[in-house]
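Data first, discussion second: the structure below is written as structure tokens.
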Protein chains: 2
Amino acid sequence: MTTAKRDTYTPETLLSVAVRVFNDRGYDGTSMEHLSKAAGISKSSIYHHVAGKEELLRRAVSRALDGLFGILDEEHARAGRAVERLEYVVRRMVEVLTSELPYVTLLLRVRGNTGTERWALERRREFDHRVAELLKDAAADGDVRGDVEVRLATRLVFGMINSLVEWYRPDGRGMGEREVADAVVRLVFGGLRTQE
Amino acid sequence: MTTAKRDTYTPETLLSVAVRVFNDRGYDGTSMEHLSKAAGISKSSIYHHVAGKEELLRRAVSRALDGLFGILDEEHARAGRAVERLEYVVRRMVEVLTSELPYVTLLLRVRGNTGTERWALERRREFDHRVAELLKDAAADGDVRGDVEVRLATRLVFGMINSLVEWYRPDGRGMGEREVADAVVRLVFGGLRTQE
DNA sequence: CCTTGTCCCGACCGATCGTTCGGTTACTCT
DNA sequence: AGAGTAACCGAACGATCGGTCGGGACAAGG
């Protein structure tokens with residue numbers, strides 16, 4: 001077999017280690033020395049696999065962005081009543097956030113100091129606008145409340161969903177992905193107050 | 001007059017400059033050189049006013065935490081039906097977030113690399129628990145939905161409110177503090193869906 | 001055997017980090 | 001005028017930053 005199990009690093013396996021450290025210490029707060037300690041190889045060996053610190057960031061945020069934009073191409077996000085497409089996107093966002101948690105976490109924390117970070121921020125804005133369009137259509141259909149501005153509502157809903165990366169941890173017998181997605185959809189659309 | 005206008009820096013005025021730069025570049029991404037350029041004085045002069053970089057961080061997050069904990073001492077947060085106290089706290093949180101925006105922004109972004117940051121994280125958790133108690137009481141009264149776990153709901157509501165620091169800008173004819181507070185309260189308690 | 005390529009290392013680079021130090025203004029108080 | 005002090009500065013500190021370099025270990029292919 002030519003593709004036997006490797007016990008050495010690939011760019012991908014190294015990335016998973018790096019992203020964990022980035023999320024722990026922050027990107028700027030992480031040195032190549034920190035990464036080498038966490039990976040168990042020397043600092044210079046890292047450069048055998050990747051071009052440098054910023055490439056690791058670029059790979060990570062790319063993966064997160066691919067996951068998010070992929071949602072918008074799915075069938076249920078493209079056909080049907082706007083409010084139902086919106087609900088689908090919200091639910092899928094939670095699923096992507098949880099399944100790609102470390103990568104999305106990194107994406108949501110970039111500040112814009114480097115070119116890579118500014119590119120990531122731009123793509124995030126693009127995604128936000130796409131979802132805002134959905135909400136605008138649902139409002140035009142009369143399916144969501146009209147007394148809160150569309151842009152404001154979008155930002156608040158994104159705020160709730162994105163906050164997942166601050167506390168959701170997939171390990172052990174915590175709460176499941178499905179349970180979180182249900183809760184988010186209930187709160188976003190139905191609110192906190194008792195319904196009847 | 002002994003307290004005439006000063007054209008020199010005080011720890012407080014220097015702090016307001018530093019916090020702006022911290023929020024722009026991230027705390028770890030900000031060097032004392034960056035601060036000196038932004039303040040218009042030399043790097044060494046900063047140390048005439050404050051002990052160092054970390055003291056600036058400590059002063060900033062302290063101010064933010066004082067604002068938040070102050071809410072819990074106010075009368076409307078201490079007396080009345082739990083769901084109404086909760087609504088009051090939510091509204092006041094938005095007001096504190098907007099009025100002390102740069103300081104709270106910094107607080108919500110600390111990672112825990114230094115002792116000061118870990119202390120800030122601990123106090124934040126304490127505040128979260130206090131609000132979670134409020135929500136638990138409101139659930140016991142039957143005033144908020146019971147099909148979403150209290151801890152989960154608290155985290156999601158905090159996520160929505162705290163996301164303010166990512167987009168709210170007080171300048172010019174954007175949206176007012178009152179408008180934002182109304183929208184947050186409506187969405188948190190009533191949800192996105194049309195009510196009737 | 002020898003070559004080739006992968007994977008890794010210690011040593012080192014110039015730059016920058018947060019901080020310190022000795023000293024110079026300029027204003028206040030007596 | 002002289003003393004004291006608040007505010008500031010340039011130069012430099014040891015440490016650490018992201019990244020480079022030459023080479024060693026080892027397995028595969030001839």
Side-chain angles (χ1 to χ4, degrees), chain A residues 1-22 24-61 106 110-118, chain B residues 1-22 24-61 106 110-118:
Chain A
M1 47 196 103
T2 53
T3 53
K5 270 278 183 62
R6 308 287 235 102
D7 58 341
T8 60
Y9 278 113
T10 66
E12 284 73 28
T13 57
L14 188 57
L15 180 63
S16 71
V17 174
V19 168
R20 185 169 5 104
V21 184
F22 284 159
D24 246 40
R25 311 186 54 90
Y27 177 72
D28 284 319
T30 302
S31 71
M32 296 304 278
E33 189 69 34
H34 290 135
L35 293 185
S36 84
K37 294 276 200 263
I41 63 177
S42 77
K43 206 171 53 151
S44 51
S45 295
I46 296 176
Y47 290 88
H48 177 73
H49 302 286
V50 293
K53 191 183 174 184
E54 196 168 351
E55 183 187 323
L56 288 167
L57 179 65
R58 187 175 47 75
R59 281 175 179 268
V61 298
L106 198 50
V110 300
R111 297 305 317 147
N113 294 338
T114 68
T116 299
E117 298 182 57
R118 283 186 287 275
Chain B
M1 47 197 99
T2 52
T3 55
K5 269 279 181 67
R6 306 288 234 101
D7 58 341
T8 60
Y9 278 112
T10 66
E12 283 73 27
T13 58
L14 187 58
L15 179 64
S16 72
V17 174
V19 168
R20 184 168 8 104
V21 184
F22 284 158
D24 246 41
R25 312 186 53 91
Y27 177 72
D28 284 319
T30 301
S31 70
M32 296 304 277
E33 189 69 35
H34 291 136
L35 293 186
S36 85
K37 293 278 201 261
I41 62 177
S42 79
K43 213 169 46 148
S44 51
S45 295
I46 296 177
Y47 290 88
H48 176 71
H49 302 286
V50 294
K53 192 182 174 185
E54 197 168 350
E55 183 187 323
L56 288 166
L57 179 65
R58 187 174 47 73
R59 281 174 179 269
V61 299
L106 198 52
V110 300
R111 297 304 318 149
N113 293 338
T114 67
T116 299
E117 298 183 56
R118 283 186 288 273

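None of the values given here were measured: they were computed from a predicted structure. Numbers restart at 1 for each chain; the letters A, B, ... are given by sequence-line order, proteins then strands.
- For Ser31(B), counting side-chain heavy atoms from C-beta on, the closest listed nucleotide (dC17(D), dC8(D), dC17(C)) is dC17(C).
- Here the side chain of His49(B) pairs no donor or acceptor atom with the backbone of Ile46(B) at under 3.5 angstrom.
- One atom, CG of Leu14(A), and another, P of dT6(C), lie 17 Å apart when rounded to the nearest Å.
- Without hydrogens or angle criteria, Tyr9(A) side chain to Ser45(A) main chain gives no donor-acceptor distance under 3.5 Å.
- One can place CE of Met32(A) at 14 Å from P of dC8(C), the figure rounded to the nearest angstrom.
- At whole-Å resolution of the value, CG in Asn113(B) and C1' in dC17(C) are 15 Å apart.
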Reading DNA chain C 5' to 3', what string of ( ), [ ], | and . shows its pairs, if Watson-Crick and G-U wobble pairs count only when both distances fall under 3.5 Å? ||||||||||||||||||||||||||||||
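- One interatomic measurement links the two molecules: NE2 of His48(A) to C1' of dC7(C), which rounds to 5 Å at whole-angstrom precision.
- Checked by distance alone, Lys53(B) brings no side-chain donor or acceptor within 3.5 Å of a matching partner on the base of dT19(C).
- When the nucleotides dT19(C), dG18(D), dC8(C) are ranked by their closest atom to the side chain of His49(A), dC8(C) comes out on top.
- The distance from atom CD1 of Ile46(A) to atom P of dC21(D) is 17 Å, rounded to the nearest whole Å.
- Straight-line distance from the NZ atom of Lys43(B) to the P atom of dA15(C): 15 Å, rounded to whole Å.
- For Ser44(A) against dG10(C), a side-chain-to-base donor-acceptor contact under 3.5 Å is present.
- A salt bridge between Glu54(B) and Arg58(B) is absent, with no side-chain N of the basic residue lying under 4.0 Å from a carboxylate O of the acidic one.
- Separating the CG atom of Leu56(B) from the C1' atom of dG18(C) is a distance of 12 Å, rounded to the nearest angstrom.
- Across all strands shown, Thr30(A) has heavy atoms under 4.0 Å from sugar-phosphate atoms exclusively, and none from any base.
- Listed candidates were dC7(C), dC9(D), dC9(C). Nearest to the side chain of Ile41(B) is dC9(D).
- Taking the side chain as every heavy atom from C-beta outward, Leu57(B) and Leu106(B) approach each other to under 4.5 Å.
- Distances shorter than 4.0 Å separate some side-chain N or O of Ser42(B) from OP1 or OP2 on dC9(D).
- Of the listed nucleotides (dC8(C), dG18(D), dC17(D)), dC17(D) has the atom at the smallest distance from the side chain of Glu33(A).
- For the atom pair OG of Ser31(A) and NZ of Lys37(A), the computed distance is 9.0 Å after rounding to the nearest 0.5 Å.
- Considering all non-hydrogen atoms of both residues, Ala39(B) and Leu14(B) come closest at CB-CD1, 4.0 Å.
- Per the geometry, NE2 belonging to His34(B) stands 13 Å off C1' belonging to dA15(C), to the nearest Å.
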I'd like to know whether Thr114(B) forms a side-chain hydrogen bond (donor to acceptor under 3.5 Å, both in side chains) with Thr116(B), so could you lay out the CA-CA distance, the side-chain angles of the two residues, the decisive distance to 0.1 Å, and finally the verdict. CA-CA 5 Å; Thr114(B) 67; Thr116(B) 299; 4.6 Å; no
